[in-house]
Amino acid sequence: MDHQANAHGDHDVHLPDPSIWPLVVGVAALFLGAALIYWSRVDDQTFAGPLLGAAIVSTLIAVFGWAYEDGQMRKKAAEGGHGQAKPTRYTQVVTFALAEGKLQQARESGIIHDLESSDNQLRDLDGFQDLRIIVSPAATGPSQVLVETTWSDREGLATYEETRQTMLDIIARHTDEVVPGTVQVFDMEVIRDTKDVTFRFGTGAAFTVIAGLMLGGFMIGAGLNLFASESTGTGGGAPQPTVPANPFRVVATDNRFDKKEIVAGPNAEITITLVNNGRAKHNIHFLTQKGGQTLAPGAEGEIIDGGGTTTTLTFTTPGPGEYYFLCDLHPDQMFGTFRVVEGGPTGTGEAPAAPSGGTPAAGGMTG
C-alpha cells in the first residue's frame, strides 16, 4: 500500500480551469469560414470584408489570451506541485445582537444598511478582499448579526483598524439598534480557506467578451473596406478622365455575370467578349427570349474554362426590342436582358483612341 501511495504521489495531475477562450476561438473560426465561403462564391467585399476582419481580430486576441491563461495555469500548477503554501489571509469578525423589533429598520436605513454601504469605501483600502454580512433573524428576542471582512495581509487589516470606517465605528453610530454588551470582535488568521475571491467568467461576461471582440473586428474590417474603396476611387493629384467601360465586355465569376443588362444598336454587327474569372466553366448565349431560340448565327458562345480564359462571339443584332442572355451551364443564376435600341453601341464596344491632347470621345463605341 505504501508503494502505491508513493507512486501516485510522484505524478502531478494538472486540470485546467474553465476558460472562455476556446469558445471565442470556435466562434471566430465559424465566422472566418462563413466569410471565406461568401467571398469565394459571391466575390463581394461589402459583407465579407467586415466579417473577415471580425474573425481575424477575434482569433488573434483569443489565441494570445488563451496562451497567457495557459501559462498562468501552468505556473499555478508548478507552484502547487512544489508544495508552496497559499498566501495567508486574515479576517476580522464582528458579532452583535439587534434589539427585538429593529431588524426591518436596520435593513432599510439602519445599521445593516450602513454596513452594506461601507463596501465601496473598503475597496479603496489596500489588501481588502471581501465583506460578508450574515443575519440570523429571530421571531422573538434579539437577532444575531455577524460581519466578516477578509484581508490579503496583516498590514492591510492593521491599516483598516486605524481608519474611522471600521465596522465598530458604524456600530457605534447605531447604539439604539444594538443590544448593549453584545458586541464582540475577533481578529483571526485563516488556516484553511475555501473562499474563492478570484474573478471568474460567467455566462454574461463570456458573451460580452465575444460580442465586444466581434464588434471591434467588424468595425476594423468595415474601416479597411471603406479605406480600400476610397483608395480605389481617388488616385490623388489631378483628376483623371473617365474612360467609358466596354459595354460588350462581360466578366463571369462563380456564379454570376458582372452585367445584368447589355445594350446594343439595331441591325449591326457586334463582338461580345467573355472573360471567365471563376473556377467553373461558363459561356454566354443570346436568345430571343427566356427559353427561346438562339438570337442570330454566332450568338451562342463556346464554353470556356475559368482562371481568366477569354472568348469572343460576333453576330448581327436584330431590330429594336428586349431579348435575353444566359450561361447554358448555370441558367438559373447567370442571366440578363439584352436590349437593342436606336443609337446603341455597335462593333467591339471599345472606345476609339483620343486625339492627341484631347479627351476620349464619350459616344464613340462604333466599330
Side-chain angles (χ1 to χ4, degrees), residues 12-21 64-98 106-107 109-136 142-202 204-205 208-209:
D12 292 332
V13 179
H14 172 53
L15 297 178
D17 295 331
S19 174
I20 188 181
W21 298 117
F64 283 111
W66 197 358
Y68 174 78
E69 186 179 76
D70 184 68
Q72 292 298 105
M73 286 191 294
R74 289 179 182 274
K75 180 180 178 182
K76 177 181 176 182
E79 291 176 352
H82 287 87
Q84 296 182 2
K86 293 183 178 180
T88 303
R89 294 199 292 181
Y90 298 86
T91 183
Q92 183 184 82
V93 178
V94 180
T95 64
F96 61 91
L98 280 176
R107 283 177 169 172
S109 59
I111 186 171
I112 294 179
H113 175 270
D114 289 353
L115 290 172
E116 291 178 334
S117 301
S118 68
D119 183 69
N120 291 332
Q121 288 77 25
L122 292 174
R123 292 189 182 278
D124 294 333
L125 300 178
D126 293 337
F128 174 75
Q129 291 186 332
D130 188 41
L131 167 66
R132 291 201 302 174
I133 303 174
I134 302 173
V135 179
S136 177
S143 299
Q144 296 297 318
V145 180
L146 182 147
V147 183
E148 177 189 8
T149 55
T150 305
W151 304 85
S152 61
D153 49 52
R154 189 183 298 275
E155 290 74 15
L157 177 57
T159 301
Y160 156 73
E161 291 176 337
E162 294 173 359
T163 68
R164 296 296 181 182
Q165 301 174 348
T166 67
M167 300 300 105
L168 289 177
D169 293 323
I170 296 175
I171 293 172
R173 295 197 294 265
H174 296 273
T175 55
D176 59 322
E177 300 175 10
V178 179
V179 177
T182 61
V183 179
Q184 299 184 61
V185 182
F186 306 92
D187 288 352
M188 297 179 287
E189 180 179 315
V190 179
I191 302 301
R192 177 175 175 83
D193 191 2
T194 58
K195 183 191 300 182
D196 188 359
V197 295
T198 58
F199 175 78
R200 290 185 180 275
F201 275 109
T208 300
V209 170

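Since the model is a prediction, treat every value here as computed from it, not as a measurement.
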* Asked: Closest approach of Ala106 and Glu177, non-hydrogen atoms and distance?
  -> CB-OE1, 3.6 Å

* Derivation of the salt bridge (Lys or Arg N to Asp or Glu O under 4.0 Å) call for Glu189 and Arg154 -> CA-CA 9 Å; Glu189 180 179 315; Arg154 189 183 298 275; 3.6 Å; yes

* Hey, which of Leu122, Asp114, Asn120 is the one that makes side-chain contact (heavy atoms from CB on, under 4.5 Å) with Ser118? -> Leu122

* Determine, for Arg123 against Asp119, whether the closest basic-nitrogen to carboxylate-oxygen distance falls under 4.0 angstrom. => yes

* Do Leu98 and Ile111 pass the side chain to side chain contact (heavy atoms under 4.5 Å, CB included) test, and can you show the C-alpha distance, the side-chain angles, and the key distance before you say yes or no? -> CA-CA 9 Å; Leu98 280 176; Ile111 186 171; 3.7 Å; yes

* Asked: If you round to the nearest 0.5 Å, how far is CD of Glu161 from OG1 of Thr149?
  -> 8.5 Å

* Asked: Is there side-chain contact between Gln144 and Thr95, with at least one heavy-atom pair below 4.5 Å?
  -> no

* **Spacing of Gln92 atom CD and Met188 atom CE [to the nearest 0.5 Å]** => 9.0 Å

* Asked: From Ile112 CD1 over to Ile170 CD1, what is the distance, rounded to the nearest 0.5 angstrom?
  -> 12.0 Å

* **Gap separating the CG atom of Leu115 from the NE2 atom of His174, nearest 0.5 angstrom** => 7.5 Å

* Can you check side chain to side chain contact (heavy atoms under 4.5 Å, CB included) on Leu168 and Phe96, steps first, answer last? -> CA-CA 10 Å; Leu168 289 177; Phe96 61 91; over 6 Å; no

* Side-chain touch Tyr160/Met167, heavy atoms, less than 4.5 angstrom -> yes

* For Glu148 and Thr91, test the side chains for any donor-to-acceptor distance below 3.5 angstrom and give the result as yes or no. => yes

* **Value rounded to 0.5 Å, distance of OG1 in Thr166 from CD in Gln121** => 12.5 Å

* Structure fact -> Distance col, row Asp130:CG vs Thr150:OG1, nearest 0.5 angstrom, shows 5.0 Å

* In terms of heavy-atom contacts, does CG of Asp153 have more than 12 from other residues, nucleotides or ligands at under 6.0 Å? -> yes

